[in-house]
Amino acid sequence: LWAALELASLAGDPRLKRRLALAVAHRPEAEPAQVGRAILRAIRVTRLTGDSCGHRSTLALAEELLADGSRSLEQNEMLRTSLHLELIVQDLWDGVSEERVLERFDDLDREVEGRARNVVEQAVSIRALSLATMGRLRDAFEIEAAAEPVSDLGVEWSRAPMRAIASLVL
């Protein structure tokens, strides 16, 4: 089933990708990282296809996985951070107050502090993108301006959303 999901990710019908991802996510013998990647893929596919009901249910799966101490994602910092960011950004789109969204970013910042640099930069980048979405362009631009270019492609890849929004602001 996992191999089928990996193959489907290369091309194919988004509905099939969603079904495979949800099948992996619900398999009790699946590793936590497989479940997390499957949920993340399902979130992205349901958002892309406009499946609001499916999107809500996959977001709920992400919340459950992150809250479930028995299926820890501690070993996979990037995946854990990506799931948190999907939930925070969804709050923004759902009209949750800016203060609450920024509090969730602050909580995530505390969680990723001291972790791998690309993990930290991913959170910073999506914060900047979210600030721009809120109309706080100066704040978003200041975050981007403080990020000096580095030779680590993983870090720069994590910064891509922030760099893109800064380019649009300019």
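Since the model is a prediction, treat every value here as computed from it, not as a measurement. All heavy atoms count here, side chains included; hydrogens, waters and symmetry mates do not.
Placement of Leu59 and Leu79 within a single hydrophobic cluster is found when ILVMFWY residues are connected by side-chain heavy-atom separations under 4.5 Å, directly or transitively. Cluster annotation: Val120 is not connected to Leu153 through the hydrophobic network of ILVMFWY side chains, with a link wherever side-chain heavy atoms come within less than 4.5 Å. Put simply, Trp157 and Met78 are part of two different groups of oily side chains (I, L, V, M, F, W, Y) that touch within less than 4.5 Å, one to the next. Leu102 and Met162 fall within a single hydrophobic cluster, where Ile, Leu, Val, Met, Phe, Trp and Tyr side chains are chained together by heavy-atom contacts under 4.5 Å. In the hydrophobic clustering of ILVMFWY residues, with side-chain heavy atoms under 4.5 Å counting as a link, Ile126 and Trp93 come out together.
For the pairing with Ile88, the side-chain contact (heavy atoms from CB on, under 4.5 Å) check across Val101, Val96, Leu83 returns one residue only, Val101.
Counting non-hydrogen atoms of neighbouring residues, nucleotides and ligands closer than 6.0 angstrom, the CZ atom of Arg100 exceeds 12 such neighbours.
Atoms CZ and OG1, from Arg47 and Thr58 in turn, are 9.0 Å apart once rounded to the nearest 0.5 Å. Taking OG of Ser82 as the start and CZ of Arg37 as the end, the distance is 11.5 Å to the nearest 0.5 Å. Atom CG of Asp51 is separated from atom OG of Ser57 by 7.0 Å, given to the nearest 0.5 angstrom. The distance from atom CG of Leu92 to atom CG of Leu85, rounded to the nearest 0.5 Å, is 12.0 Å. Here the straight-line distance linking atom CG of Leu137 with atom CD1 of Ile165 works out to 7.0 Å at 0.5 Å rounding.
Taking both residues in full, the closest heavy atoms of Ala160 and Ser125 are given as N-OG, 4.3 Å, listed atom of the first, atom of the second, then distance. In this structure, Val112 and Ala123 approach most closely via the heavy-atom pair CG2-CB, 4.4 Å. Minimum heavy-atom separation, Ala42 to Leu22: CB-CD2, 4.1 Å. Between Ala116 and Glu77 the shortest heavy-atom distance is N-OE1, 3.5 Å. Across all their heavy atoms, Ala38 and Ala25 have their closest contact at CB-N, 4.1 Å. Closest non-hydrogen pair, Glu144 versus Ala166, comes out as CG-CB, 3.4 Å.
Residues Arg115 and Thr81 are not in side-chain contact: their nearest non-hydrogen atoms beyond the backbone lie 4.5 Å or more apart. You'll find the side chain of Ser158 stays beyond 4.5 Å of the side chain of Arg117, heavy atoms only. With a 4.5 Å cut-off on side-chain heavy atoms, Asn76 and Arg80 do not count as touching. Counting heavy atoms from C-beta outward, Gln34 and Arg27 have side chains that stay 4.5 Å or more apart. At least one side-chain heavy atom of His84 sits under 4.5 Å from a side-chain heavy atom of Leu66. Side-chain contact check for Val124 versus Ile143: some heavy-atom pair is nearer than 4.5 Å. Residues Gln122 and Leu108 are not in side-chain contact: their nearest non-hydrogen atoms beyond the backbone lie 4.5 Å or more apart. Here the side chains of Val89 and Leu129 are not in contact, with every heavy-atom distance at 4.5 Å or above.
Checking side-chain atoms of Glu156 against main-chain N and O of Ser151 turns up no donor-acceptor pair under 3.5 Å. Side-chain atoms of Thr49 come within 3.5 Å of backbone N or O of Val45 as a donor-acceptor pair.
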Subject >> Steps toward salt bridge (Lys or Arg N to Asp or Glu O under 4.0 Å) verdict (Glu86, Arg44) >> reply: CA-CA 9 Å; Glu86 289 289 345; Arg44 291 174 177 169; 3.1 Å; yes

**OP:** Decide side-chain contact (heavy atoms from CB on, under 4.5 Å) for Leu131 and Phe141; before the verdict, give the C-alpha distance in whole Å, the side-chain angles of both, and the deciding distance to 0.1 Å.
**Re:** CA-CA 9 Å; Leu131 285 167; Phe141 185 74; over 6 Å; no

**OP:** Mind running side-chain contact (heavy atoms from CB on, under 4.5 Å) on Leu87 and Ile43 for me, showing each step along the way?
**Re:** CA-CA 10 Å; Leu87 295 170; Ile43 288 170; 5.7 Å; no

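Remark: Asp107 engages Arg110 in a salt bridge, criterion side-chain N to carboxylate O under 4.0 Å. At a threshold of 4.0 Å, the pair Arg127-Asp106 counts as salt-bridged, since one of the basic side-chain nitrogens sits closer than that to a carboxylate oxygen.
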